[in-house]
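This report concerns only the one structure given below.
Order of appearance sets the numbers: ligands from 1, and atoms from 1 within every ligand.
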Amino acid sequence: MALTGGIASGKTTVAKWIAQQGIDCIDADVIARQIVEPGQDALKAICQHFGKQVLTADGHLNRRQLRDYIFNHPEQRHWLENCLHPRIKNLIDEQLLRTSKTPYTLLIVPLLIESGFDKLADRILVVDIDPQQQLKRICQRDQVVMEQAEQIVASQSTRQERLAIADDVIYNDGSLAELKQKTMAVHRQYLQLAQAKFA
Ligand SMILES: CC(C)(COP(=O)(O)OP(=O)(O)OC[C@H]1O[C@@H](n2cnc3c(N)ncnc32)[C@H](O)[C@@H]1O)[C@@H](O)C(=O)NCCC(=O)NCCS
Ligand SMILES: Nc1ncnc2c1ncn2[C@@H]1O[C@H](COP(=O)(O)OP(=O)(O)OP(=O)(O)O)[C@@H](O)[C@H]1O
């Protein structure tokens with residue numbers, strides 16, 4: 001099962017609760033962080049392309065600076081995606097081979113449509129959020145100004161595009177407790193589907 005949704009829609013929160021039920025989760029954002037750790041070839045490629053100023057004093061990727069830059073320069077965002085997505089795909093493939101012990105595996109991919117990783121999943125779950133609420137959450141959580149929040153949202157698939165490919169939708173329009181209830185309902189449904197598949 002793949003889980004997607006726009007930035008700050010609630011994917012990580014939903015995935016955390018599903019992981020607590022003992023379900024294997026693979027998170028593309030986590031992999032995207034691992035492959036740019038110091039010493040990794042993706043970090044070297046980024047450094048060669050953007051220059052050393054994209055590193056912090058201790059040799060880590062300066063994520064905030066790169067974020068500010070790529071969301072103002074779409075062609076550079078595409079370069080970064082072309083650099084990282086094939087590497088992320090390889091690691092997802094590797095992890096999928098190793099994670100077959102739980103009834104289903106949850107693959108969390110923010111840019112599911114844009115990356116083409118939707119082909120890896122037999123079912124797509126979308127976390128949907130009201131755009132105004134989404135912008136508020138981005139600004140609050142990431143300490144960015146409204147203009148950058150809007151730029152990031154505009155660079156992603158639209159709400160309609162995501163809903164069009166969804167098999168299941170969790171509407172994150174209430175409290176965290178309500179979100180948890182909806183998540184557990186979907187999880188129970190997926191357990192049943194997995195059971196039916198292997199019965
Ligand atoms: C630009 C980077 C360094 C900013 O790092 P930062 O720590 O601020 O954000 P983080 O990685 O936690 O991502 C937060 C969210 O931003 C959004 N986002 C990330 N990359 C992109 C992108 N290329 N286009 C649109 N939205 C994006 C996603 O909704 C993601 O969940 C980082 O997001 C990155 O390396 N992006 C390119 C890799 C990528 O495409 N990741 C998504 C995996 S499918
Ligand atoms: N229903 C809710 N009520 C209150 N806060 C919420 C709710 N849903 C999510 N949040 C908060 O909104 C923020 C974004 O949620 P979360 O990190 O799960 O989103 P995400 O889709 O994983 O974001 P990203 O795409 O940036 O990785 C978090 O701080 C989370 O605690």
Exercise. How close does the nearest protein non-hydrogen atom get to atom 39 (C) of ligand 1, and which residue and atom is it?
Worked result: His85 NE2, 3.6 Å
Exercise. Should Phe117 be listed as contacting ligand 1, given a heavy-atom distance under 4.0 Å as the test?
Worked result: no
For this session: Starting from atom 16 (O) of ligand 1, find the nearest protein heavy-atom neighbour and note its residue, name and distance.
Result: Ile7 CD1, 3.6 Å
Exercise. What about Leu179: any of its N or O atoms under 3.5 Å from an N or O on ligand 2?
Worked result: no
Extract all donor-acceptor atom pairs below 3.5 Å that involve side chains of residues 134-146 and protein atoms in other chains or at least two apart in sequence.
residue	atom	partner	partner atom	Å
Gln134	NE2	Ile7	O	2.9
Gln143	NE2	Gln140	O	2.9

For this session: Specify the protein heavy atom at minimum distance from atom 1 (C) of ligand 1: its residue, its atom name, and the distance to 0.1 Å.
Result: Ile70 CD1, 3.6 Å
Exercise. Are any of the N or O atoms of Arg77 closer than 3.5 Å to those of ligand 1?
Worked result: no
Exercise. Counting each atom of ligand 2 from 1 as listed, which ones have a heavy atom of Gly174 under 4.0 Å away?
Worked result: 1 (N), 2 (C), 3 (N)
For this session: Please determine if Ile7 has a nitrogen or oxygen closer than 3.5 Å to a nitrogen or oxygen of ligand 2.
Result: no
Exercise. At a 4.0 Å threshold, what atoms of ligand 2 neighbour a non-hydrogen atom of Ala8?
Worked result: 14 (C), 19 (O), 20 (P), 21 (O), 23 (O), 24 (P), 25 (O), 26 (O)
Problem set entry | Identity and separation of the nearest protein heavy atom to atom 27 (O) of ligand 2 | Asp29 OD2, 3.5 Å
Exercise. Which one holds for Asn172 and ligand 2: side chain close, backbone close, both close, or neither close, with close meaning a heavy atom under 4.0 Å?
Worked result: side chain
Problem set entry | Sub-4.0 Å atoms of ligand 2 with respect to non-hydrogen atoms of Thr13 | 15 (O), 16 (P), 18 (O), 30 (C)
Problem set entry | Closest protein heavy atom (residue, atom, distance) for atom 12 (O) of ligand 1 | Arg33 NH2, 2.9 Å
Exercise. Against heavy atoms of Leu84, which atoms of ligand 1 measure under 4.0 Å?
Worked result: 35 (O), 37 (C), 38 (C)
For this session: Around atom 31 (O) of ligand 1, find the nearest protein heavy atom and jot down its residue, atom name and distance.
Result: Asp29 OD2, 2.7 Å
Exercise. Which residue holds the protein heavy atom closest to atom 6 (P) of ligand 1, what is that atom called, and what is the gap in Å?
Worked result: Arg63 NE, 3.8 Å
Seminar exercise, completed: Ranking Arg141, Lys16, Gln133 by closest non-hydrogen atom to atom 17 (O) of ligand 2, top hit is Arg141
Exercise. Do protein heavy atoms approach atom 22 (C) of ligand 1 to less than 4.0 Å?
Worked result: yes
Exercise. What protein heavy atom sits nearest atom 8 (O) of ligand 1, and how far away is it?
Worked result: Arg67 NH1, 3.0 Å
Exercise. How far is atom 28 (C) of ligand 1 from its nearest protein heavy atom, and which residue and atom is that?
Worked result: Gln156 NE2, 3.5 Å
Problem set entry | Option nearest atom 10 (N) of ligand 2 (shortest heavy-atom distance, choices Lys136, Lys180, Arg137) | Arg137
For this session: Report the C-alpha distance between Lys89 and Asp93 in whole Å, list the side-chain angles of each, state the deciding distance to 0.1 Å, and finish with yes or no for salt bridge (Lys or Arg N to Asp or Glu O under 4.0 Å).
Result: CA-CA 6 Å; Lys89 164 89 171 41; Asp93 285 341; 2.7 Å; yes
